[in-house]
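What follows is a set of notes on a single structure, which appears directly below.
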Amino acid sequence: MESEAAKNSHRTSRRYAVAQTILLCVFGVAFFLDAGPRLIASATVGIVGAVLCAIGLLLMLSALASIGGVIQIAPEPRSDGQLVTRGVYSRIRHPIYTAIVILVVGLFLRKPTVVVAMAVIVVVVFLMVKARFEEQLLVRRYPEYAAYQRRTWGLVPWPRRRPTRR
């Protein structure tokens, strides 16, 4: 029988999946329907945005190829799944979330309005919170996840701090 904690994690995981779907749809609506004034009027910025969108799509495809059949929107690990650490997952723990961040930033640069900027902020903050919840579940499920966390980037690649020697 499933424990109460496991049931709560499962419910929370499903809520994250629904919320992500809704947020990305709202982002799409904001992007396509917003006719507000542009914050930046530069063809160069639009080109940078298009390049970021292409990079985000390529990263997304690479992540999907690496993760294979264990993909799902809910952060809860699949009961029949395994920890994926190959391909792009060997460097980034959340490459699909990273790809979404790159895509929404690129789309903002393509259409830099206040509404789109606010939508980007909401999506990025949501993905950061979701990734943190997902990592709690992954640490519980996979004993090797803690070591994997130490050797890979999280949501966004940052320069690594070297441990200080004493």
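The heavy-atom pair separating Gln20 from Leu127 by the smallest distance is OE1-CD2, 4.1 Å. Looking at every heavy atom in both residues, Ala30 comes nearest to Val115 through CB-CG1, 3.8 Å. Heavy-atom minimum distance, Arg110 versus Gly49: CD-C, 3.7 Å. Closest non-hydrogen pair, Tyr89 versus Ser66, comes out as CD1-CB, 3.7 Å. Closest approach of Asp34 to Lys111, counting heavy atoms only: O-NZ, 2.6 Å. Nearest heavy-atom pair, Phe27 versus Ala119, reported as atom, atom and distance to 0.1 Å: CD1-CB, 3.5 Å.
For CZ of Arg78, the number of neighbouring non-hydrogen atoms (other residues, nucleotides, ligands) closer than 6.0 Å is greater than 12. Counting non-hydrogen atoms of other residues, nucleotides and ligands closer than 6.0 Å to CZ of Arg14 gives a total of 12 or fewer.
Note on Val124: it clusters hydrophobically with Phe31, by side-chain heavy-atom contacts below 4.5 Å among ILVMFWY residues. Under a hydrophobic-cluster definition in which Ile, Leu, Val, Met, Phe, Trp and Tyr are linked whenever side-chain heavy atoms come within less than 4.5 Å, directly or via other members, Phe108 and Val26 are assigned to different clusters. A chain of hydrophobic side-chain contacts below 4.5 Å, direct or via other Ile, Leu, Val, Met, Phe, Trp or Tyr residues, connects Met118 to Met128. Leu109 and Leu58 sit in two unconnected hydrophobic clusters of ILVMFWY residues. Membership requires side-chain heavy atoms under 4.5 Å apart, directly or through other members. Transitive grouping of hydrophobic side chains (ILVMFWY, heavy atoms separated by less than 4.5 Å) keeps Val29 and Val18 in distinct clusters.
Contact check on Arg11 versus Glu4 returns a salt bridge, with a Lys/Arg side-chain nitrogen under 4.0 Å from an Asp/Glu carboxylate oxygen.
Once rounded to the nearest 0.5 Å, the distance linking OH of Tyr148 with OG1 of Thr85 reads 6.5 Å. Between the CD atom in Gln149 and the CD atom in Glu144 there is a gap of 11.5 Å [rounded to 0.5 Å]. A distance of 10.5 Å separates NE2 of His10 from CZ of Arg15, quoted to the nearest 0.5 Å. A distance of 5.5 Å separates CZ of Phe133 from OG of Ser13, quoted to the nearest 0.5 Å. Here the CZ-CH2 distance, from Arg93 to Trp153, works out to 11.5 Å after rounding to the nearest 0.5 Å. Here CG of Leu52 is found 9.0 Å from CG of Leu103. Values are rounded to the nearest 0.5 Å.
A cation-pi arrangement is absent between Lys130 and Tyr97 under the rule of less than 6.0 angstrom and at most 45 degrees off the ring axis.
Checking Val84, Asp80, Leu83 one by one against Val70, the side chain to side chain contact (heavy atoms under 4.5 Å, CB included) holds for a single residue, Val84.
The shortest distance between side-chain heavy atoms of Val88 and Pro95 falls below 4.5 Å. Residues Cys53 and Leu107 are in side-chain contact: their nearest non-hydrogen atoms beyond the backbone lie under 4.5 Å apart. Within the 4.5 Å cutoff, side-chain heavy atoms of Ile100 are placed close to those of Leu24. Proximity of Ile71 to Ile96: side-chain heavy atoms (C-beta onward) are separated by under 4.5 Å at one or more points. In this structure, the side chains of Leu137 and Arg141 stay at 4.5 Å or more apart for every pair of heavy atoms. A heavy-atom distance below 4.5 Å is not found between the side chains of Thr152 and Ile92.
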Residue pair Gln136, Ser9: steps toward the side chain to side chain contact (heavy atoms under 4.5 Å, CB included) verdict: CA-CA 10 Å; Gln136 292 170 0; Ser9 287; over 6 Å; no
Full working for side chain to side chain contact (heavy atoms under 4.5 Å, CB included) between Glu76 and Thr12: CA-CA 9 Å; Glu76 183 177 41; Thr12 301; over 6 Å; no
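For the residue pair Glu134 / Tyr16, no side-chain donor-acceptor distance below 3.5 Å is found, with atom types taken as modelled.
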